[in-house]
Amino acid sequence: MITLLYFAWVRSDIGVAQEALETKAETVGELLAELQARSDQHAHALAEPARLRFAVNQTFVELGSPVRDGDEVAIFPPMTGG
Amino acid sequence: MITLLYFAWVRSDIGVAQEALETKAETVGELLAELQARSDQHAHALAEPARLRFAVNQTFVELGSPVRDGDEVAIFPPMTGG
Amino acid sequence: MIRVQAEDFDLGAELAALREGRRDIGALASFVGLVREMAPEGTQASAPDSSHNGSGEQSMTLEHYPGMTEKMLAEIEAEAQARWPLQASLIIHRYGRLLPGEQIVLVACASPHRHAAFEACQFLMDWLKTKAPFWKLEEVDGKGNWVDARESDEAAARRWQGG
Amino acid sequence: MIRVQAEDFDLGAELAALREGRRDIGALASFVGLVREMAPEGTQASAPDSSHNGSGEQSMTLEHYPGMTEKMLAEIEAEAQARWPLQASLIIHRYGRLLPGEQIVLVACASPHRHAAFEACQFLMDWLKTKAPFWKLEEVDGKGNWVDARESDEAAARRWQGG
């Protein structure tokens, strides 16, 4: 089981802030492809990976980075704080 | 009559903060030469023009700048505020 | 020190606390980011009024990623401490709904020397902008708009290398 | 606004006054310079104590050129206002005898954007250091030493051109 967290417009487009997923995905990229197929909202929110940032267990990662059972995977837009 | 103001170590070396001078000097450089001859203290304090800064009527000037009767001429080391 | 909080902060009290009881600090640089009132849509910033609809009520809501926010701010502060001879540093970042004129973020750095204090503050802000998981939602008359990241902020972060 | 005064200033109150009633400021950068306690002569800064004579009582006395000081600070502030889009700026510089830990100088700049606020503050400090007629006399156990101007300050002022 992987815990997914969404923030900002990724969250509002998908419509949930958090969801759990049983998956065989071994990388962030594979996970993303699986998520894109989940619903129209997912497909729309996650359509452009270049506009997204990814963190696994609160560390920034790339699309090729591994994901493992039990990970917390966050998907969000580039940050705009400060 | 020219009013002379000294600050920092120029003041403490010469021993006065202010003095008035009747002079025929037409430039800051001529005035400086005249002052250097005034006393041993003046000679010592004013020996190295490169270590001094000059202001006429509260505006920075160079050795070649003119002085006129009634001017306020200040001589001091490079500034160290802030 | 880092703090992530919904409440406002007292700038004077925070800066006073940073130098409290110390006599070795030569330079204290600080920066506060504030919610800035936007000119109403369709008007020039210089126009004294406008004919747009609505009251123009504006707010800025800061969303963040609890846990990762604190982790990233601590990493950014540690990086500043490693790069400059800092005697004290502070990052406070707020989240939640803020109104124009309210404080969003404070960074402060104390050092024996002014260039270190200034540079470390700028570094903290530049990295914070691009590495701390905060997102801004602007709302005008209830209509929300997620603020886009700016290339100029990315460029500012890159000038410190490793950014 | 500029002020030249013997009295201390309240940093928090000064910064609060600068943004009082405004909702258009996005960035407020500030800098405070403080009297820094020196390591006793002949010791390393890291040595916890020393065998030097005297109690090590230290002070810093700031002398200035009344009239010209205000003129130069006003010119420096006007130059910053001309170079950056500032919404408010403040320079306070003290004179007289100060003890370690005391505040010497405050500069603060408000702008819609953080880079302008930061840069204008640094500019004000760099130019103030080399153009405002202040001189520092360090005293330790009653023995006075006029602080030498530093080439690094001259270089810092020159990077803004016209310096």
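In the text below, chain A, chain B and the rest are named by the order of the sequence lines, each starting its count at 1.
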Give, as side chain, backbone, both or neither, the part of D:Lys71 having an atom under 4.5 angstrom from any heavy atom of chain B.
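Looking at D:Lys71, just its side chain touches chain B.
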What part of D:Leu137 lies closer than 4.5 angstrom to a heavy atom of chain B: side chain, backbone, both or neither?
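Contact with chain B involves no heavy atom of D:Leu137 at all.
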I'd like to know whether CD of B:Glu19 has more than 12 heavy-atom contacts from other residues, nucleotides or ligands below 6.0 angstrom.
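More than 12 within 6.0 Å, yes.
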Answer yes or no: does atom CD of B:Glu62 have more than 12 heavy-atom neighbours from other residues, nucleotides or ligands under 6.0 Å?
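Result for CD/B:Glu62: open.
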Checking B:Thr59 against chain D: side chain, backbone, both or neither under 4.5 Å from a heavy atom?
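Both backbone and side chain of B:Thr59 come within 4.5 Å of chain D.
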What residues form a side-chain contact (heavy atoms from CB on, under 4.5 Å) with D:Glu14, not counting sequence neighbours?
D:Arg3, D:Phe9, D:Leu90, D:Ile92, D:Leu106
Can you tell me how far apart CG (D:Asp148) and CH2 (B:Trp9) are? Round to the nearest 0.5 Å.
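With rounding to 0.5 Å, CG (D:Asp148) is 9.0 Å from CH2 (B:Trp9).
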Rounded to the nearest 0.5 Å, what separation is found between the CZ atom of B:Arg11 and the CD atom of D:Glu63?
4.0 Å
Measure across D:Tyr65 and B:Ala74 and return the closest heavy-atom pair with its distance rounded to 0.1 Å.
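Scanning both residues completely, I find the closest heavy atoms to be CE1-CB, 3.4 Å.
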Return the minimal non-hydrogen interatomic distance between B:Gln58 and D:Met68, and the atom names on each side.
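The answer is OE1-N, 3.2 Å.
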Do B:Phe7 and D:His64 have side chains that get closer than 4.5 Å, going by heavy atoms?
no
Select all residues of residues 75-82 of chain B having any heavy atom within less than 4.5 Å of some heavy atom of chain D, and report them by number, or 'none'.
B:Phe76, B:Pro77, B:Pro78, B:Met79, B:Thr80, B:Gly81, B:Gly82
